[in-house]
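Computation of the quantities below employed the complete heavy-atom set of this structure, encompassing side-chain atoms and omitting hydrogens, waters and symmetry-equivalent molecules. A note on names: the letters A, B, ... follow the listed sequences, proteins ahead of strands, and every chain is numbered from 1.
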Amino acid sequence: MTTRPDAHLQIRDLAVQRGRVTVLEIDKLDIPRGLVTVVLGPNGSGKSTLLGALQLVLHPSQGTLMLDGEPMDADPVATRRRMSAAFQEPLLLSMSVLANVELPLRLRGVDKRRRRELAEHWLERFGIASLARRHARQLSGGEAQRVSLARAFASQPQVMLLDEPFAGVDAPTREGLIEDFAENLSETRPTTVLVTHDRDEALRLGDEAALLIDGRLRQTGPPSEVFERPADRAVAEFVGMENLWHGRRSESGVYEAGGIRLASTSKSIAPGSPALLCVRPERIVLTRDGEGTGTRSEAGTENQLRAIVQKIRPRGPVVRADLTSGRLHLTVDTSVTKWDELGLSVGDAAVARIAPADVHVISDDGAD
Amino acid sequence: MELIWDGIREAARLWWSGDGEIIEITLRTLAISASATALALIVGIPLGAVLALRRFWGRGLIVAAVNTGMGMPPVAIGLLVALILWRTGPLGDLNLIYTPTAMVVAQLLLSLPMVVGFSLASIQSVNPRLIGQMWAMGANRLQVLWLLIRETRLGLLAAVMAGFGAAISEVGASMQVGGNLAGETRVLTTATVLETGRGNFEVAIALSLVLVLLAFLVNLVLTTVQQRRPVT
């Protein structure tokens, strides 16, 4: 089993059981030094269990966890003192903000002057220096999460383990918090494992991604690749590939699905083999019928599908429309502004344009 | 009614005149009960923490025993300690029967279940994820215990009050293992019983008032600490 040359944390043959059920099983995962690895997956996929194992608070039934090539469980307290953690809940203790941020340093025996200096520095960096003397119980959710993150940075960890730290705060607060976090992270560059289920967060903060489904590692790679080029159907469904079409690759290299011919730059499937064509809903561009040139799909050219609008669902900043083209069902996300310009209603004809590069093809196991 | 007023007047007179015996009994009472409570805290808080945080075989049985202990009649405890410390008992060679030490042991056994029970309840109420965060911050076992005590200080002060209350107010066990010897093992409760039996109601009332006042003052201090605004 080869190891990434930049691996800081190494996970080998890890299995965690809850009762008799194996909830996490990872043969190999390397967490690169100084980068942010986002751990993605649906609820119950084992993301938090992985983080718990790395924090040495869960005891694996088998496997080894290594930090800098040394077993992490040789001296758990010493290992934990090289790391820090923040969770969805701020988990502050019943003391002042300053005392909370100082606490990990106090536990490490750092002298008072130095820990005060570091705590004040990180409170400043997270824009909450004015809250230093306030009791932790008197903070808003967003303020408390800032304190929690300042505390995670204050101990100058080599490894930072974060479990959805932005999930519990409201949208506007979250935006500012992620911005400050990203800035501080880029300056200090600890090895970071960030558990999240949010695509934007993963794309914005992650250098690497590891996707777990049912306790097993299904795909690793840069986040954009995981989101754009899922390895299998389960990953495709999780990353929001709303359009999954069963098809077959023809000899000419064009794919056929639901009676429609579709061009793709993806060539991973042998001609004649069953294929699953995956298209993200926001990658389909709609125009009113008549503005386009009718259904046309050839290798290397843009796919144009004539389609009928079946259902319109406003979803915040986008409008999600369901359309049919032949036997294909299309799900398309369009910005509200663009949708208003189109002026489409249920029953109207439209042309759906899909770039061949946006049609990702994976081997089809036939399951629906 | 006359009797009660006489008792209150006698109590005031005894205190005003600085009655040596009353002061001596009061100090002895405080020393014995405070020692028993302190020992109960040293043993009881870690035990309560272990019962709150760990799952092991027999835990349920221990918790049930603790809960039973919280309502245990003092005379039963007194009898048990007396049998153990009796000259012919298993620890008779230590010659502890009818000594303040024997009274501390008996009061310790009475207040220990209170301290364990209250500690268990307050530590169990801590968010388990907060305890996980304590470990994640790099705390060792002792530091986690320290942080838990800090975090549950309101509940633990209730444990101190309950433990001290159980110790200072009991009479049966102190009588059985202390013997109510003047100048040696006489405490406020046993002295009150003695004076009541002799018909010296004024003195009995005076002693009772001192006991109530003492219990009130100790609890007042603890309550003040418990209820003050959280500090950094």
How long is the span from the [atom1] atom in [X] to the [atom2] atom in [Y], to the nearest 0.5 Å?
X	Y	atom1	atom2	answer
B:W135	A:Q55	CH2	CD	13.0 Å
A:R81	B:N140	CZ	CG	5.5 Å
B:M134	A:L107	CE	CG	10.0 Å
B:L147	A:R106	CG	CZ	8.5 Å

Heavy atoms from other residues, nucleotides or ligands near [atom1] of [X] exceed 12 (cutoff 6.0 Å):
X	atom1	value
A:D180	CG	yes
B:R54	CZ	no
A:R18	CZ	no
A:E124	CD	no
A:D170	CG	yes

Is it the backbone or the side chain of A:R137 that comes under 4.5 Å from a heavy atom of chain B, or both, or neither?
-> side chain
Under 4.5 Å from any heavy atom of chain B - which part of A:L56 | neither
Nearest non-hydrogen partners of A:P104 and B:M137, listed with the distance = CG-SD, 3.8 Å
Shortest non-hydrogen separation from A:L91 to B:L130 and the atoms involved | O-CD1, 3.4 Å
Do the non-hydrogen side-chain atoms of A:E89 and B:Q133 ever get within less than 4.5 Å of each other?
-> no
Do you know which of A:L92, A:L93, A:T79, A:N100 has the most heavy-atom pairs with chain B at a distance under 4.5 angstrom?
-> A:L93
